[in-house]
Amino acid sequence: MTENLTPTDPPERRDFIREIVAADVAAGRVTAPVTRFPPEPNGYLHIGHAKSICLNFGIAQEFGGRCNLRFDDTNPEKEEQEYIDTIQRDIRWLGFEWGEHLHFASDYFEQLYGWATHLIAGGLAYVDDQSPDEIRETRGTLTAPGTDSPWRNRSVEENLDLFARMRAGEFADGQHVLRARIDMASPNLNMRDPTLYRIRHATHHRTGDAWCIYPMYDFAHPLKRFLLRLVTEGRVRGWDDPRMPTISGLRRRGFPAEGIRNFATAVGVAKSDSTHEVELLDHEVRDVLNRTSPRRFGVLDPLKVVVTNWPDGRVETMDVVNNPEDPSAGTRGVPFGRELWIEREDFAEVPPPKFFRLAPGREVRLRNAYFITCDEAIKDAEGRVVELRCTYDPATRGGDAPDGRRPKATLHWVSAAHAVPAEVRLYDHLFVRPDPGADGDLFADLNPASETIVPEAMLEPSLAEAPLGQTVQFERLGYFAPDTDSRPGALVFNRTLTLKDSWARLQARA
RNA sequence: UGGCGCGUGGCUCAACGGUAGAGCACCUGACUCUGGAUCAGGGGGUUCCAGGUUCGAAUCCUGGCGCGCCAGCCA
């Protein structure tokens with residue numbers, strides 16, 4: 001037997017569900033809660049599932065109980081083994097474990113069938129011969145009651161016989177259906193004799209052809225179809241596209257599991273349906289990444305700098321801190337030479353007010369390297385700046401001046417002779433509005449600029465073997481993660497998130 | 001012209017009959033070898049409206065108004 005989970009510290013404030021569980025435990029009604037996460041294996045898990053996973057597994061953990069993973073696989077036409085595998089991988093990646101408590105609704109088909117038989121025997125269910133259209137027409141409307149099916153009052157014996165023959169495969173799809181006998185006039189549409197079983201001659205991914213009738217379930221889940229369409233119609237790179245709000249997509253984009261868990265905690269549990277600003281997720285993710293991600297230098301839009309007083313061919317290795325938030329992360333060597341790449345937007349020929357970076361005649365610090373002063377900007381025939389001629393101050397090695405002078409800006413840089421090129425993919429919101437599809441056409445709201453490809457960014461050489469799963473910070477730019485498309489010699493990075501940028505905000509206001 | 005759920009700062013939510021709070025966002029200052037991070041401070045609410053119960057109502061009651069979900073042989 002798998003042991004129950006070890007209790008962890010409960011969150012500071014309890015939501016109403018945890019209140020109920022705590023009260024039940026205190027009153028001795030239960031010793032340890034058993035929760036469940038019941039996905040249907042018809043797609044990839046998304047951020048909404050992540051919240052549910054954190055809730056159910058989280059409660060189990062906090063109270064020393066356990067959480068069952070139960071697949072609701074009752075629709076053979078939409079479900080696939082691939083989804084079962086990826087769902088399990090995603091839950092584990094988030095940091096949760098169900099041990100041996102893995103279940104499938106399909107394991108209980110026989111039991112479910114038995115219950116259905118009992119309902120029939122008790123007069124609570126009947127076999128209906130109406131067509132789907134007829135059933136819809138007789139269900140009534142929001143304001144008008146439905147009407148009884150002509151088959152509603154069959155004898156128990158006849159119902160039992162028909163239901164057994166449904167199972168035996170004597171009928172075609174749609175010929176019969178098993179319905180609960182409740183109230184066709186109920187103001188609650190869900191109570192107007194809901195369908196319990198339908199005939200589906202299809203091969204189930206687990207039970208094969210053992211069954212041709214399948215039970216119905218009564219949840220509702222708006223997102224699924226929505227994401228599926230994006231995938232099947234080729235609007236994104238797949239279920240794990242970094243723009244997709246799936247767990248696999250967030251992981252590929254570089255979001256850490258801890259950030260997603262913290263988000264789930266932060267949004268808490270409300271009784272009503274809730275939506276949340278993406279900013280909150282971003283905030284939690286930045287909070288984790290700021291503490292944990294190694295710093296690296298990468299230039300997205302390279303501008304050549306030639307250090308004219310630097311001897312040709314000379315290379316120095318600068319000692320650069322890996323993470324100022326975490327001294328134990330140590331330092332690394334980064335080569336520095338006569339020719340460098342800096343970010344094009346870090347130079348302005350005519351600097352606007354409050355622009356602190358490089359400009360003709362101005363001195364800046366190259367992070368953990370030297371101070372440089374721009375002497376000249378070289379332009380091509382169209383007047384575009386193509387190269388900067390600068391001089392460095394040998395006394396400022398490491399980034400500090402003996403005379404104590406402090407430049408107003410510190411720039412990231414990459415040695416041109418050692419740089420490794422990489423494709424970098426920048427992401428923006430998948431949709432141009434928070435309620436995509438509200439006007440009826442989901443695809444009309446797709447953001448055409450949700451992905452921008454930078455074909456040749458220049459990265460420091462240590463990034464040449466960036467391992468998958470490691471999100472790094474490109475200093476001053478944001479967080480980046482190697483994409484699954486990345487190969488040695490053909491690196492691909494995803495921008496996870498930008499850093500907050502008060503200069504960009506200033507510009508946006510102007 | 002039905003059922004269920006819900007209306008609290010810009011956003012998402014707390015407050016469970018006893019001084020309306022938090023996080024995010026925003027603004028200001030300090031600090032800084034990332035215009036990042038961090039720290040300190042600040043602006044912001046007739047709790048949808050109208051009645052009622054109560055010493056006291058965001059909270060309970062009544063009636064409005066508004067929003068969401070529900071009419072698959074999907075889950």
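Hydrogens, waters and symmetry mates are skipped; everything else that's a heavy atom, side chains included, is used. Nothing here was measured: the structure is a model prediction, and the numbers come from that model. Chain identifiers are assigned alphabetically (A, B, ...) following the order of the sequence lines, protein sequences preceding nucleic acid strands; residue numbering begins at 1 within each chain.
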Taking [M] as the reference, what is the distance to [N] when you measure between their [atom1] atoms (whole Å, please)?
N      : M      : atom1 : answer
B:rG9  : B:rG42 : C1'   : 14 Å
B:rA40 : B:rG45 : P     : 25 Å
B:rA22 : B:rG63 : P     : 36 Å
B:rA30 : B:rG68 : C1'   : 46 Å
B:rU28 : B:rG36 : P     : 12 Å
B:rU62 : B:rG10 : C1'   : 33 Å
B:rU59 : B:rU19 : P     : 14 Å
B:rC24 : B:rC39 : P     : 10 Å

May I ask you to evaluate whether [X] reaches the phosphate of [N], defined as a side-chain N or O under 4.0 Å from OP1 or OP2?
X        : N      : value
A:Arg200 : B:rC73 : no
A:Thr410 : B:rU34 : no
A:Arg139 : B:rG72 : yes
A:Arg192 : B:rC70 : no

With a 4.0 Å cut-off on heavy atoms, is [X] in touch with a base, just the backbone sugar-phosphate, or nothing at all?
X        : answer
A:Arg367 : base
A:Lys408 : nothing
A:Phe171 : nothing
A:Asp400 : base
A:Pro324 : base
A:Leu178 : nothing
A:Gln130 : base
A:Asn368 : base

Quick one: are the ring centres of [X] and [Y] less than 6.0 Å apart?
X        : Y        : result
A:His205 : A:Tyr83  : no
A:Trp151 : A:Tyr126 : no
A:Trp98  : A:Phe37  : no
A:Phe480 : A:Phe474 : yes

For [N], the Watson-Crick or wobble partner whose two distances fall under 3.5 Å:
N      : result
B:rG68 : B:rC4
B:rC13 : B:rG21
B:rG42 : B:rC26
B:rU47 : none

How many whole angstroms separate atom [atom1] of [X] from atom [atom2] of [N]?
X        : N      : atom1 : atom2 : result
A:Asp72  : B:rC74 : CG    : P     : 15 Å
A:Arg362 : B:rG35 : CZ    : C1'   : 13 Å
A:Leu497 : B:rU34 : CG    : P     : 21 Å
A:Trp503 : B:rU34 : CH2   : P     : 18 Å
A:Glu77  : B:rC74 : CD    : P     : 7 Å
A:Leu196 : B:rA75 : CG    : C1'   : 15 Å
A:Leu281 : B:rU12 : CG    : P     : 16 Å
A:Tyr83  : B:rA75 : OH    : P     : 16 Å

Under 4.5 Å between any side-chain heavy atoms of A:His176 and A:Ile199, yes or no?
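A side-chain contact under 4.5 Å exists here.
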Residue list, side-chain hydrogen bond (donor to acceptor under 3.5 Å, both in side chains) with A:Glu40, at least two apart or on another chain:
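Per chain and number, A:Glu40 pairs via side-chain hydrogen bond (donor to acceptor under 3.5 Å, both in side chains) with A:Asn42.
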Do NZ/NE/NH1/NH2 and the carboxylate oxygens of [X] and [Y] come within less than 4.0 Å?
X        : Y        : result
A:Arg397 : A:Glu316 : yes
A:Glu343 : A:Arg476 : no
A:Arg206 : A:Glu79  : no

Under a 4.0 Å heavy-atom criterion, the protein footprint on nucleotides 37-42 of chain B, written with B, S and -, is S-----
I want to verify the glycosidic state of B:rG23; is it syn or anti under the 90° rule?
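Nucleotide B:rG23 adopts anti.
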Do A:Arg365 and A:Thr410 have a side chain donor and acceptor closer than 3.5 Å?
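A:Arg365 vs A:Thr410: donor-acceptor pair found between side chains.
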Which nucleotide in the set [options] lies at the smallest distance from any side-chain heavy atom of [X]?
X        : options                : result
A:Arg406 : B:rU32, B:rC70, B:rG23 : B:rU32
A:Arg295 : B:rG36, B:rA71, B:rA75 : B:rG36
A:Gln473 : B:rA75, B:rG35, B:rU34 : B:rU34
A:Ser502 : B:rG23, B:rG35, B:rA75 : B:rG35

Take A:Thr396 and A:Leu142, find for each the nucleotide of RNA chain B with the closest heavy atom, and name the residue whose nucleotide sits nearer the 5' end.
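It is A:Leu142 whose nearest nucleotide is closer to the 5' end.
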Of A:Phe171, A:Tyr214, A:Trp115, A:Phe163, the residue whose pairing with A:Tyr197 passes ring pair (Phe, Tyr, Trp, His ring centres under 6.0 Å)
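In the set A:Phe171, A:Tyr214, A:Trp115, A:Phe163, the residue that makes a ring pair (Phe, Tyr, Trp, His ring centres under 6.0 Å) with A:Tyr197 is A:Phe163.
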